[in-house]
Amino acid sequence: MEKKVNVGKKKFSAVDLITVVVFAALVRVLWIVFKSAGVVFPFNHSFMHFFNSFCLVACIAVVKKRWAAFYYTVGWCAINFFLQGEHWSYWALVVLTPIIPELIMKARAKSFENPDDVYHSFKDLLVFAYIYTIVYFVFVWFTLLKIFLIPINWGLSALAFGLALVLVIPGSWFGYKLGKKISTLIN
């Protein structure tokens, strides 16, 4: 019998949790690609949001449960912390990133006849990825300025942020398509 973890009204199965971990690990593997691009392209952090929205949307489209994005974020932050040795003050804020988009998805779910249909809507998943990216950038800016006391070049940061918001669209689209294919294979 499959053990279930109770999260809100719906329970996460072992398959759901493994799916979340797989996508969290995948975004960390893709992280290496965007880090290596920094050698030739100064806005490699913007490409991280392409990969992150790809994995995030695919994860949500497969799991289709509230708080899947939170577990996904905890997963990739834990990989950062334990394998990369990232400072805890960075991930302490970033791990809270999906809370606002999750609350918005909860409110949006009320407008559907079947509340789970919100996880089948590309538009809602794209909005989720956009809000996730915006909140992530705000937390990173705060961490750099207030915790690490690193000055930010606002012009370059605004350019990187704008490019990240553009790259969220194709990342979310590919993640949505992959998530739907995986979901149909599983079900």
Side-chain angles (χ1 to χ4, degrees), residues 3-8 11-39 41 43-102 105 119 125 128-144 146-148 150 160-161 163-165 167-168 170-172 174-179 181-183 186:
K3 185 161 176 113
K4 300 197 182 252
V5 177
N6 189 4
V7 178
K11 295 181 179 189
F12 276 60
S13 68
V15 172
D16 294 333
L17 293 174
I18 290 169
T19 302
V20 168
V21 169
V22 165
F23 282 109
L26 178 61
V27 80
R28 293 308 300 156
V29 169
L30 293 172
W31 201 282
I32 295 167
V33 173
F34 96 82
K35 281 290 191 186
S36 63
V39 175
F41 189 65
F43 299 107
N44 63 340
H45 195 77
S46 300
F47 284 100
M48 186 275 292
H49 294 284
F50 170 81
F51 297 131
N52 194 27
S53 62
F54 169 74
C55 292
L56 173 71
V57 169
C59 177
I60 295 170
V62 172
V63 175
K64 296 183 198 97
K65 291 185 176 115
R66 192 166 293 127
W67 302 112
F70 178 75
Y71 289 123
Y72 162 81
T73 305
V74 167
W76 71 257
C77 284
I79 293 168
N80 271 17
F81 180 70
F82 291 111
L83 297 181
Q84 186 174 315
E86 199 147 51
H87 196 272
W88 67 268
S89 62
Y90 169 77
W91 62 263
L93 275 177
V94 172
V95 81
L96 300 174
T97 300
I99 291 176
I100 293 171
E102 288 280 6
M105 280 293 257
Y119 300 109
L125 292 173
F128 188 100
Y130 262 113
I131 295 168
Y132 186 98
T133 301
I134 292 167
V135 172
Y136 175 84
F137 256 92
V138 168
F139 284 160
V140 168
W141 282 329
F142 178 81
T143 303
L144 291 175
K146 301 296 182 189
I147 296 174
F148 294 124
I150 299 171
F161 178 61
L163 183 58
L165 291 178
L167 292 171
V168 164
S172 297
F174 290 126
Y176 176 73
K177 289 297 188 181
L178 177 67
K181 286 193 185 294
I182 291 172
S183 187
I186 291 174

Rounded to the nearest 0.5 Å, what's the gap from [atom1] on [X] to [atom2] on [Y]? Could you check?
| X | Y | atom1 | atom2 | result |
| --- | --- | --- | --- | --- |
| F47 | L163 | CZ | CG | 5.5 Å |
| E102 | I131 | CD | CD1 | 11.0 Å |
| R28 | I79 | CZ | CD1 | 7.0 Å |

Discussion item. Check for me whether the distance between the ring centres of W67 and Y71 falls short of 6.0 Å.
Written reply: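 When the ring centroids of W67 and Y71 are compared, they turn out to be at least 6.0 Å apart.
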Discussion item. Between F23 and W76, is the ring-ring contact (aromatic ring centres under 6.0 Å, His included) condition met? List the steps.
Written reply: CA-CA 9 Å; F23 282 109; W76 71 257; over 10 Å; no
Fill in: T19 vs D16, side chain to side chain donor-acceptor pair (under 3.5 Å): CA-CA, chis, key distance, verdict
CA-CA 5 Å; T19 302; D16 294 333; 5.4 Å; no
At their closest point, which heavy atom of [X] faces which heavy atom of [Y], and how far apart are they?
| X | Y | result |
| --- | --- | --- |
| F54 | L178 | CZ-CD2, 3.5 Å |
| K11 | K65 | O-CE, 3.1 Å |
| Y130 | V168 | N-CG1, 4.1 Å |
| A69 | I60 | CB-CD1, 4.0 Å |
| V57 | S172 | CG1-O, 3.6 Å |
| G179 | V62 | O-CG2, 3.5 Å |

Worksheet item: Any side-chain heavy atom of R66 sitting closer than 4.5 Å to one from M105?
Response: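 No; the side chains remain at least 4.5 Å from each other.
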Worksheet item: Is there a side-chain contact between T97 and T133, using heavy atoms and a 4.5 Å cut-off?
Response: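 Contact flag for T97/T133 side chains = no.
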Worksheet entry | Residue pair T73 / Y132, side-chain donor-acceptor N/O under 3.5 Å |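 Yes, because at least one side-chain N or O of T73 sits under 3.5 Å from a partner of the opposite role on Y132.
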Worksheet item: Do other residues, nucleotides or ligands put more than 12 heavy atoms under 6.0 Å from the CD1 atom of I100?
Response: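 Incorrect, the count does not exceed 12.
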Worksheet item: Where do V63 and L17 land on the side-chain contact (heavy atoms from CB on, under 4.5 Å) test, with the steps shown first?
Response: CA-CA 8 Å; V63 175; L17 293 174; over 6 Å; no
Practice prompt. Kindly indicate, with the supporting measurements, whether the criterion side-chain contact (heavy atoms from CB on, under 4.5 Å) is fulfilled by L30 and F50.
Written response: CA-CA 10 Å; L30 293 172; F50 170 81; over 6 Å; no
Practice prompt. For residues 51-62, pull every pair meeting side-chain hydrogen bond (donor to acceptor under 3.5 Å, both in side chains), keeping only residues two or more places apart or in separate chains.
Written response: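 Passing the test, one end in residues 51-62: N52-Y72.
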Item to complete: In sequence, state the C-alpha distance, the side-chain angles, and the governing distance for Y136 and M48, and then conclude on side-chain contact (heavy atoms from CB on, under 4.5 Å).
Response: CA-CA 11 Å; Y136 175 84; M48 186 275 292; 3.4 Å; yes
